[in-house]
Amino acid sequence: MRTTAIILAAGQGTRMKSKLPKVLHKVLGKPMVQWVIDCLIAAGVTDKITVLGHGAEQVATVVAEQTSIVYQTEQLGTGHAVMQGVKALGTENDCVIVICGDTPLLQADTIKSLLAKHNAEKNMVTVLTAQASDPTGYGRIVRNGAQIEAIVEQKDATEDQKNITEINTGTYCFNQAFLLKYLSELNTDNAQNEYYLTDLIKIANQYGLPVGGFQLNDFSESLGVNNRVQLSQAEQILRQRKCQEVMMSGVTLIDPATTYIGADVVIGADTIIYPNVLLDGKTIIGNDNVIGMNCRIVDSKIGDRNDIQSTVIVESTVGSDCKIGPMAYLRPGTELADKVKVGDFVELKKSSVGYGSKIPHLSYIGDATVGENVNVGCGSITCNYDGINKYQTIIKDGAFIGSNTNLVAPVVVEEKAFIGAGSTITKNVPADTLAVVRGELRTKEEWSKHQATKKK
């Protein structure tokens, strides 16, 4: 059966107290509405319509390539939003899922189960419900056996109805023909003066049509995000899920409570991750790595068997069998081949480092190409910026850069060249040569006595 989802993402989200539209606030590094879209895709729902309103232009930048878009220029309730959404429906659908864009905790298996029950029971409406220990603020599910007779909002509920603990999650599956036929019968005769989508349940009952419910096993899936506290709660739940996922795939997390792994991060088996590590973006980490405490790795690719300690790596590529850190910084555009050493307090930017090369400590290498088996001594830097333009430094295979060397780009150090410590290199260095650039040593006898006399 063909299914289309209508994603409700028009609300302002005033309780977030933010200029950013609510559905664009990120949870585990991904906008809430993207979580919903990804859930629907994983559940096999390929056709999606997003209803936009507040901050429509901003939200459209995220959803436009993944869904059709309609607009709700007036905020007149969920029923009114769906009235806009159905304008983009095709004629070939059997059912329509209505889902809120601020429900990042819903999972694909839940949507599949909701659809399966809806189709098996041939319902006109199937409501996703949950049991709440405290149902305050939720719409209550009023049943007659398996038949759902009504969903009553908190402000409209009687005292008896307020005691009902089965609540509406805000996700529904509708028979499309029923939805299109009866949406026009909704009205604003309620405490909010809005078009309640839930009134369609009453309408279905008036015509003797079947309305069922699928109840969640895990109440946390039902949680929407309306403020920063709930945003934090959703983050915690999704982070726990991700940690469990990677551990079950063969990754060791020493302390999951202090490990932050983004939704799209992939980690290979037998990698060990220590506390206070953040892995985010599209990061891919291979097998058998050790990621030490206080590392942050974003949008990077890491090979196998690396030892990375207290390091920041952003938009970079690391080969295999490398040793990095502590306190190293790999900035965007850095590429390390296999068996590279990048030591403590080394910063690399937009540079490639060849097989077996070593930059042990206290160096800056920017806009450079470093060949294989190169040794860069302590305190060496590439002077890549003249205040206007950036220039390239090339260090070829087997070169040895002495400590405290300044390489003033553009400059080339040829194969197996040696540079003496303390040199400032402004010209190309030929292969197999020793380059030393130092000022002449001058001394002044009895300088200390002279200084002492001046102080008197």
Side-chain angles (χ1 to χ4, degrees), residues 5 7-9 11 13 15-16 22-45 78 97-118 126-141 143 148 151 153-154 162-173 198 212-249 253 255-265 280:
I7 303 168
L8 306 184
R15 283 176 283 176
M16 296 296 288
K22 179 171 70 170
V23 297
L24 294 188
H25 281 266
K26 291 184 178 181
V27 188
L28 209 64
K30 190 160 64 175
M32 286 192 281
V33 70
Q34 187 63 58
W35 281 99
V36 173
I37 291 171
D38 290 346
C39 171
L40 292 167
I41 292 172
V45 181
T78 53
I97 291 174
V98 175
I99 188 169
C100 296
D102 61 356
T103 54
L105 299 174
L106 279 173
Q107 300 189 76
D109 286 346
T110 296
I111 300 300
K112 290 178 182 178
S113 297
L114 175 67
L115 282 167
K117 185 161 189 178
H118 177 80
T126 305
V127 184
L128 184 63
T129 74
Q131 284 289 338
S133 56
D134 180 7
T136 304
Y138 290 97
R140 307 305 203 278
I141 302 295
R143 284 183 177 270
I148 295 179
I151 300 176
E153 300 298 327
Q154 174 85 21
K162 288 178 181 178
N163 291 327
I164 296 171
T165 57
E166 186 179 14
I167 58 95
N168 174 29
T169 68
T171 298
Y172 316 87
C173 191
T198 51
F214 176 76
Q215 191 173 115
L216 286 169
N217 292 322
D218 181 0
F219 177 76
S220 70
E221 283 193 61
S222 70
L223 297 176
V225 174
N226 295 302
N227 55 50
R228 306 291 181 127
V229 174
Q230 292 172 341
L231 187 71
S232 175
Q233 292 168 344
E235 174 86 20
Q236 184 177 18
I237 291 167
L238 287 171
R239 186 160 59 84
Q240 289 173 345
R241 286 183 190 172
K242 183 66 178 183
C243 285
Q244 290 172 2
E245 174 192 318
V246 300
M247 286 189 288
M248 293 303 293
S249 70
L253 303 183
D255 183 12
T258 60
T259 303
Y260 300 80
I261 304 174
D264 298 321
V265 172
D280 208 357

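Numbers for residues simply follow the sequence, beginning at 1.
The two residues Phe219 and Ser222 make their nearest non-hydrogen contact at O-OG, 2.6 Å. Ile148 and Gly212 make their closest contact through CD1-O, 3.4 Å (heavy atoms, listed as atom of the first residue, atom of the second, distance). Nearest heavy atom pair, residue Gly213 against residue Lys117, reads O-NZ, 2.8 Å. Among all heavy-atom pairs drawn from Leu216 and Thr169, the shortest one is CD1-CG2, 4.0 Å. Across Leu105 and Ser220, no two heavy atoms sit closer than the pair CD1-O, 3.1 Å.
Between Ile7 and Leu40, some side-chain heavy-atom pair lies under the 4.5 Å cut-off. For the pair Val246/Val265, no side-chain contact is recorded, criterion being any heavy-atom separation below 4.5 Å from C-beta on. Contact check for Thr126 versus Leu114: side-chain heavy atoms found under the 4.5 Å cut-off. At a threshold of 4.5 Å between non-hydrogen side-chain atoms, the residues Ile164 and Arg143 do not count as touching. In this structure, the side chains of Ile99 and Ile111 come closer than 4.5 Å at one or more pairs of heavy atoms.
Annotation: side-chain contact (heavy atoms from CB on, under 4.5 Å) contacts of Lys30 (sequence neighbours excluded): Gln34, Trp35, Asp38, Ala263, Asp264. For Gln244, there are no side chain to side chain donor-acceptor pair (under 3.5 Å) partners two or more places apart in sequence or in a different chain. Looking at residues two or more places apart in sequence or on another chain, you find a side-chain contact (heavy atoms from CB on, under 4.5 Å) between Gln230 and Val225, Asn226, Asn227, Gln233. Under the side-chain contact (heavy atoms from CB on, under 4.5 Å) criterion, Ala42 pairs with Ala108, sequence neighbours left out. Taking the salt bridge (Lys or Arg N to Asp or Glu O under 4.0 Å) definition, one finds that Lys26 meets it with nothing, sequence neighbours left out. For Tyr138, there are no ring pair (Phe, Tyr, Trp, His ring centres under 6.0 Å) partners, not counting sequence neighbours. Remark: Thr78 engages Leu8, Leu197 in a side-chain contact (heavy atoms from CB on, under 4.5 Å) (not counting sequence neighbours). Residues passing the side chain to side chain donor-acceptor pair (under 3.5 Å) test with Thr258, sequence neighbours excluded: Asp255. Remark: Thr110 pairs with Glu221 by the side chain to side chain donor-acceptor pair (under 3.5 Å) rule, at least two apart or across chains.
Within the structure, the salt bridge (Lys or Arg N to Asp or Glu O under 4.0 Å) test picks out the following pairs touching residues 97-113 (sequence neighbours left out): Lys22-Asp102. Pairs engaging residues 228-248 under the salt bridge (Lys or Arg N to Asp or Glu O under 4.0 Å) rule: Lys242-Glu245 [sequence neighbours left out].
The CZ atom of Arg140 lies 9.0 Å from the CD1 atom of Ile167; values are rounded to the nearest 0.5 Å.
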Please report, to 0.1 Å, the donor-acceptor pairs under 3.5 Å made by any side chain of residues 127-134, with sequence neighbours excluded.
residue : atom : partner : partner atom : Å
Thr129  : OG1  : Glu166  : OE2          : 2.8
Gln131  : OE1  : Thr165  : OG1          : 2.7
Asp134  : OD1  : Thr136  : N            : 3.2
Asp134  : OD1  : Thr136  : OG1          : 2.7

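Counting non-hydrogen atoms of neighbouring residues, nucleotides and ligands closer than 6.0 angstrom, the CG atom of Asn217 reaches no more than 12 such neighbours.
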